[in-house]
There are 2 protein chains.
Amino acid sequence: MQVAPATLEIKAESLSALEVESIELFIGFFKLIGLQKSVGEIYGLLFVSSRALAMDDIMTRLGISLGAASQGLKVLRSVGAVKSVYMPGDRRDHYVADLELSKFATAFIQEELKPRLDRALERIGTMESLASGMAPEERSTADERLERLKHWLERSESMLPWLLKFLVK
Amino acid sequence: MQVAPATLEIKAESLSALEVESIELFIGFFKLIGLQKSVGEIYGLLFVSSRALAMDDIMTRLGISLGAASQGLKVLRSVGAVKSVYMPGDRRDHYVADLELSKFATAFIQEELKPRLDRALERIGTMESLASGMAPEERSTADERLERLKHWLERSESMLPWLLKFLVK
DNA sequence: CAGGTATTTCATTTTTTATTGAAGCGCTTG
DNA sequence: CAAGCGCTTCAATAAAAAATGAAATACCTG
């Protein structure tokens, strides 16, 4: 019931050892800041490429789908990690890696970390109101802990501008 | 074909608004450092609890399974986020939240971030060797980029001790 | 502006990750 | 030292996240 041609093993074009190493490095790095594997793969490939690559080069080399390539590039563009360069006589967009590594860290801090800290501080406001209507005994526990959490979060948030400056340098 | 007793709606014990707010706050916060929802739920509940809770209190209040509670507490113990306190006349372990919030950040930096930076620097060493066997043209591209990445990673790593000191204060 | 080619979108499928709960371990205690 | 309770483990299941690829869209270009 199965048609399985023995000669059909057309996987992805093989990647060089350098490319594999770069791809693995960036998969790990990007996962840390919440970006998916395919995004890391694409950036890793572009990072060690000496020429700009079109989307279907990327698909072919990495063996990923059209959709994954398109969406991955969209994410990378949105954080400024790749830019497209004009290639005379070719209608396709060609991409190169932006080497300003600090951009990823900056995007992560501004788009993930900062909003989450802000949201947490908002919630603490709500919780303070809620605690104010509690019995004295439980209220004092809650108040103390909320105060402590608030201080820590404010302190952390106050460090972000410094951190950003350091990373961008 | 369905037996649906109208009176059967025995879900989890209801949580107070304060508890819900705390749980949501910590789910979000912990997700950021790669910890799962159930871990955030447990810590969030303990954070606003004025008394120590046993594992089955936690299960019942949150409506999570035995396994999830056990594993979640294991993770929280391992990062020092909860400690168990002795309750006379009760064989069960009882847990309270450790309020030293910096512990989570510290654990994250030391157990996730630092090792990943180290691994990345290792990989760069490998890549430098690989690049040295390439054609001059491609080699210079690779060398320049690797140098740049290495500097940025080293710089980031050099900041960690400072960051840790700041968070712990 | 017709006939493509490149790209995006998104419902479906696949893969990965988290949760469940029953089996079993080990400690306590009567 | 047996019986039971509390807890952990882990194979099975469920839920969430990511990838696929066909259809729709945008965009050249002759």
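It should be emphasised that the depicted structure is a prediction, and the values quoted were computed from it without experimental measurement. Proteins get letters first, then strands, A, B, ... in listed order; numbering begins at 1 in each.
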**Prompt:** In the single-linkage hydrophobic clustering (I, L, V, M, F, W, Y; side-chain heavy atoms under 4.5 Å), do A:W162 and A:L167 co-cluster?
**Reply:** yes
**Message:** Give the residues of residues 37-49 of chain A touching DNA chain D, defined as any heavy atom closer than 4.0 Å, sorted by residue number.
**Reply:** A:K37, A:S38
**Prompt:** Roughly, in whole Å, what's the span from CE in A:M59 to C1' in C:dA6?
**Reply:** 11 Å
**Asked** If you walk 5' to 3' along DNA chain D, what is the first nucleotide with an atom under 4.0 Å of a heavy atom in chain B, and what is the last?
**Response** D:dG4 to D:dC10
**Request:** Using the test salt bridge (Lys or Arg N to Asp or Glu O under 4.0 Å), find all partners of A:K74 that sit at least two apart in sequence or belong to another chain.
**Result:** none
Could you pull out all donor-acceptor pairs under 3.5 Å where a side-chain atom in residues 21-34 of chain B meets a protein atom, sequence neighbours excluded?
| unit_1 | atom_1 | unit_2 | atom_2 | d |
| --- | --- | --- | --- | --- |
| B:E21 | OE2 | A:R123 | NH1 | 3.0 |
| B:S22 | OG | B:G44 | O | 2.7 |
| B:E24 | OE1 | A:R123 | NH1 | 2.7 |

**Asked** Can you list the residues that meet the salt bridge (Lys or Arg N to Asp or Glu O under 4.0 Å) rule with B:E128, with sequence neighbours excluded?
**Response** B:K150
**side-chain hydrogen bond (donor to acceptor under 3.5 Å, both in side chains) partners of residues 80-89 of chain A, not counting sequence neighbours, each pair once** = none
**Asked** Do B:L160 and B:W152 sit in the same hydrophobic cluster, where Ile, Leu, Val, Met, Phe, Trp and Tyr count as joined when their side-chain heavy atoms come under 4.5 Å apart?
**Response** yes
**Message:** Quick test of your reading: applying side-chain hydrogen bond (donor to acceptor under 3.5 Å, both in side chains), list the pairs with at least one residue in residues 32-54 of chain A, sequence neighbours left out, ordered by first then second residue.
**Reply:** none
When the side chains of residues 88-98 of chain B are checked against the rest of the protein, which donor-acceptor pairs come out under 3.5 Å, sequence neighbours left out?
| unit_1 | atom_1 | unit_2 | atom_2 | d |
| --- | --- | --- | --- | --- |
| B:D90 | OD1 | B:R92 | N | 3.0 |
| B:D90 | OD1 | B:R92 | NE | 3.1 |
| B:D90 | OD2 | B:R92 | NE | 3.4 |
| B:D90 | OD2 | B:R92 | NH2 | 2.9 |
| B:D90 | OD2 | B:H94 | NE2 | 3.1 |
| B:R92 | NH1 | B:D56 | OD1 | 2.7 |
| B:R92 | NH1 | B:D56 | OD2 | 3.3 |
| B:Y95 | OH | B:R77 | NH1 | 2.9 |
| B:D98 | OD1 | B:E100 | N | 2.7 |
| B:D98 | OD2 | B:K103 | NZ | 2.8 |

**Asked** Near DNA chain C, under 4.0 Å by heavy atom, which residues of residues 79-97 of chain A?
**Response** A:R91, A:R92, A:D93
**Complete:** To the nearest angstrom, the CD-C1' distance between B:Q36 and C:dT19 comes to 9 Å
**Item:** Rounded distance [0.5 Å steps], CD1 in A:I42 versus CG in A:L73
**Value:** 4.5 Å
Hey, can you pull the donor-acceptor pairs under 3.5 Å for the side chains in residues 62-71 of chain B, sequence neighbours left out?
| unit_1 | atom_1 | unit_2 | atom_2 | d |
| --- | --- | --- | --- | --- |
| B:S65 | OG | B:A68 | N | 3.1 |

**Asked** When clusters are formed by joining ILVMFWY residues with side-chain heavy atoms under 4.5 Å apart, either directly or through shared neighbours, do B:L164 and B:M159 land in the same one?
**Response** yes
**Message:** Please determine whether residues B:L46 and B:L99 belong to a single hydrophobic cluster, defined as Ile, Leu, Val, Met, Phe, Trp and Tyr linked transitively by side-chain heavy-atom distances below 4.5 Å.
**Reply:** yes
**Message:** Between A:S70 and B:S65, which residue's closest nucleotide on DNA chain C lies nearer the 5′ terminus?
**Reply:** A:S70
**Request:** Go through the structure and list residues passing side-chain hydrogen bond (donor to acceptor under 3.5 Å, both in side chains) with A:R155, not counting sequence neighbours.
**Result:** none
**Item:** Whole-Å distance separating the CD1 atom of A:I58 from the P atom of C:dT8
**Value:** 11 Å
**Message:** What contact category does A:I64 fall into here, base, sugar-phosphate, or nothing, at under 4.0 angstrom with non-hydrogen atoms?
**Reply:** sugar-phosphate
**Asked** How many Å lie between CE on A:M55 and P on C:dT5, as a whole number?
**Response** 15 Å
**Prompt:** Rounded to the Å, how far apart are B:Q71 CD and C:dT19 C1'?
**Reply:** 8 Å
**Fill in**
So, with a heavy-atom separation below 4.0 Å from DNA chain C, the residues of residues 20-34 of chain B are none
